[in-house]
Q: 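Got a structure here, written out as structure tokens. Questions coming.
The first residue of the sequence shown is numbered 1, and numbering continues consecutively from there. Fair warning: this is a prediction, and the values are worked out from it, not measured in the lab.
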Amino acid sequence: MATLAPSSSSPIFSGPSSKLSQPSLSSSSRLSLSSFSQLSPLSSSLSISPSFSAYPTCSRRLFASSFPVKASAAEKKKILIVNTNSGGHAVIGFYFAKELLGSGHEVSILTVGEESSDKMKKPPFSRFSEIVGAGGKTVWGNPAEVGKAVEGATFDVVLDNNGKDLDTVRPVVDWAKSAGVKQFLFISSAGIYKPTDEPPHVEGDVVKADAGHVGVEKYIAEIFSSWAIFRPQYMIGSGNNKDCEEWFFDRIVRKRPVPIPGSGMQLTNIAHVRDLSSMLTLAVENPEAASGNIFNCVSDRAVTLDGMAKLCAQAAGLPVEIVHYDPKAVGIDAKKAFPFRNMVMACFPSHHKSGA
């Protein structure tokens with residue numbers, strides 16, 4: 001078992017020594033991190049569970065014996081983050097950059113579009129001065145011309161936190177390979193799994209063949225020998241430019257009812273973006289342990305939509321009035337009026353918990 005023990009938490013890599021072969025899906029490593037988020041009742045226990053990879057071109061055998069894998073001063077790296085300019089994933093690049101800089105790595109973050117765009121006036125982009133102040137570099141441009149945007153700079157690791165399809169990500173992957181990048185990381189999505197009668201989803205479950213993220217994952221595995229895929233669900237944390245927990249807090253602090261579609265018993269899963277950034281940093285600092293793996297990045301416990309409202313109210317120290325409604329009956333598009341999908345969602349937990 002390979003064990004990582006940062007001072008702030010207790011992540012663990014573990015797993016049997018096994019090779020990946022096609023078409024079977026083989027279990028490899030598991031990374032678990034538990035730390036306290038702002039929503040203390042959930043404890044934001046984030047688990048990355050056994051990875052099942054269907055991409056045999058980059059198979060990896062994990063060491064069977066325990067070994068320390070903390071990064072040393074000699075292993076500091078240069079990382080490029082290709083970051084989306086909108087949506088719930090944008091905050092991931094921001095926190096990842098800060099985490100890396102705090103660990104002594106060199107970081108450049110390439111954001112899609114132009115610095116003068118109105119989008120850059122919103123968080124997390126409005127807080128990019130925190131990255132620059134910590135020694136990082138921020139640039140803007142077209143990922144299809146990533147080499148031009150970074151002005152010929154070289155990197156050890158690239159994280160694509162932008163593309164959702166192969167047409168968007170392929171130019172970044174191809175450039176990274178030609179530029180001598182050693183490790184490629186990709187932020188995919190836990191929404192690519194096919195619906196199942198036996199939830200929750202785990203790595204290795206059938207994915208939607210036509211999902212854009214799936215094509216990207218396969219291509220990365222074909223091109224790079226050192227790669228890792230991360231599939232988050234709902235991210236929470238300060239600086240998110242997509243409503244999640246903020247939607248609940250906004251109504252609660254204004255003493256407004258919280259309207260929840262359906263029964264309120266639908267399940268979802270949230271995780272703090274700071275936890276995910278820690279996972280990504282561990283993958284950078286321990287590439288052999290992370291290589292060739294796909295990770296579900298979720299909390300180890302689900303929460304109902306009603307429960308989400310109650311937890312936010314508890315954190316705010318205020319009462320909450322929950323009102324249930326039928327979106328069709330009142331003529332409301334729940335996708336636009338509510339921050340979570342209005343369905344019983346699989347919550348993607350780990351197969352089992354490790355001591356953390």
Side-chain angles (χ1 to χ4, degrees), residues 6-11 32-48 87-92 94-96 98-99 102 122-124 126-127 130 190 200 232-279 296-325 334-350 353 356:
S7 58
S8 60
S9 52
S10 302
S32 175
L33 172 65
S34 298
S35 66
F36 292 103
S37 72
Q38 295 170 347
L39 295 181
S40 56
L42 279 183
S43 298
S44 189
S45 178
L46 178 64
S47 297
I48 294 185
H89 281 191
V91 73
I92 296 173
F94 171 68
Y95 273 84
F96 184 38
K98 293 183 66 176
E99 181 89 14
K122 302 177 181 178
S126 59
R127 294 176 57 183
E130 296 176 30
Q233 194 173 2
Y234 288 107
M235 292 286 102
I236 63 171
S238 174
N240 199 336
N241 68 0
K242 184 175 182 179
D243 277 344
C244 189
E245 77 277 22
E246 293 95 338
W247 184 88
F248 293 89
F249 281 118
D250 176 67
R251 298 194 67 86
I252 291 168
V253 298
R254 292 190 294 116
K255 297 179 173 58
R256 302 291 297 167
V258 175
I260 294 180
S263 68
M265 293 306 293
Q266 306 95 310
L267 295 174
T268 189
N269 196 298
I270 59 173
H272 200 286
V273 65
R274 187 182 296 110
D275 289 343
L276 176 54
S277 68
S278 295
M279 299 300 170
N296 283 343
C297 308
V298 296
S299 182
D300 64 350
R301 296 188 68 177
V303 61
T304 65
L305 299 184
D306 277 5
M308 186 69 184
K310 294 174 183 177
L311 286 171
C312 289
Q314 181 179 345
L318 294 169
V320 59
E321 178 187 355
I322 297 173
V323 177
H324 298 118
Y325 67 95
K335 291 182 179 179
K336 296 181 179 179
F338 191 70
F340 294 98
R341 297 189 188 104
N342 180 32
M343 56 185 287
V344 178
M345 290 162 280
C347 50
F348 317 100
S350 60
K353 287 188 68 177

Q: Would the number of heavy atoms belonging to other residues, nucleotides or ligands and lying under 6.0 Å from CZ of R127 be above 12?
A: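 Counting other residues, nucleotides and ligands, CZ of R127 exceeds 12 neighbours.
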Q: Measure the CZ-CG distance between R301 and L267 for me, rounded to the nearest 0.5 Å.
A: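 Result: 11.5 Å between the selected atoms.
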Q: Take L305 and F338 through the side-chain contact (heavy atoms from CB on, under 4.5 Å) test and state the conclusion after the steps.
A: CA-CA 10 Å; L305 299 184; F338 191 70; 3.7 Å; yes
Q: If every non-hydrogen atom of E99 is compared with every non-hydrogen atom of S278, which pair is closest and at what distance?
A: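 Closest approach of E99 to S278: OE2-OG, 3.4 Å.
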Q: Shortest non-hydrogen contact from T268 to Q233?
A: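 Looking at all heavy atoms of both residues, the closest pair is OG1-NE2, 4.1 Å.
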Q: First locate atom CD of E321, then atom CZ of R256, and finally report the distance between them rounded to the nearest 0.5 Å.
A: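 If I round to the nearest 0.5 Å, the distance is 9.5 Å.
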Q: Going by side chain to side chain contact (heavy atoms under 4.5 Å, CB included), F94 matches just one of P123, P124, S238, S277. Which one?
A: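 Among P123, P124, S238, S277, the one meeting side chain to side chain contact (heavy atoms under 4.5 Å, CB included) with F94 is P124.
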Q: Salt-bridged, D250 to R254, with N to O below 4.0 Å?
A: yes
Q: Counting C-beta onward and ignoring hydrogens, is there a side-chain heavy-atom pair between T304 and K310 closer than 4.5 Å?
A: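 No, every pair of side-chain atoms sits at 4.5 Å or beyond.
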Q: Take V258 and W247 through the test side-chain contact (heavy atoms from CB on, under 4.5 Å) and record every step on the way to the result.
A: CA-CA 9 Å; V258 175; W247 184 88; 3.6 Å; yes
Q: Please determine whether side-chain contact (heavy atoms from CB on, under 4.5 Å) holds for the pair V91 and N241, giving the CA-CA distance in whole Å, both sets of side-chain angles, and the decisive distance to 0.1 Å.
A: CA-CA 7 Å; V91 73; N241 68 0; over 6 Å; no
Q: Rounded to the nearest 0.5 Å, what separation is found between the CD1 atom of I236 and the SG atom of C312?
A: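 The distance works out to 8.0 Å.
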Q: Are side-chain heavy atoms of Y234 and N240 found at a separation under 4.5 Å?
A: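 SC-SC contact between Y234 and N240 ruled out.
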Q: What closest approach, in Å, do I252 and A316 show between heavy atoms, and which atom pair accounts for it?
A: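 Heavy-atom minimum between the residues: CG2-CB, 4.4 Å.
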Q: Please report the shortest heavy-atom distance between H89 and P232, naming the atom on each side.
A: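 In terms of heavy atoms, the two residues are closest at NE2-CG, 3.7 Å.
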Q: Evaluate the ring planes of Y95 and H272, with Trp represented by its six-membered ring, and classify them as parallel (under 30°), tilted (30 to 60°) or perpendicular (over 60°).
A: perpendicular
Q: Just so I know, are the side chains of E245 and L311 near enough to count as touching, which here means a heavy-atom distance under 4.5 Å?
A: no
Q: Checking side-chain contact (heavy atoms from CB on, under 4.5 Å) for the pair C244/M235: CA distance, chi angles, key distance, verdict?
A: CA-CA 8 Å; C244 189; M235 292 286 102; over 6 Å; no
Q: Shortest non-hydrogen contact from D306 to I260?
A: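 Smallest heavy-atom distance, with atoms named: OD1-CD1, 3.4 Å.
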Q: Do you know the tightest heavy-atom contact between P259 and R251?
A: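 What the structure gives for the nearest pair is CD-NE, 3.3 Å.
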Q: Do any N or O atoms from the side chain of Q266 and from the backbone of G264 form a donor-acceptor pair under 3.5 angstrom?
A: yes
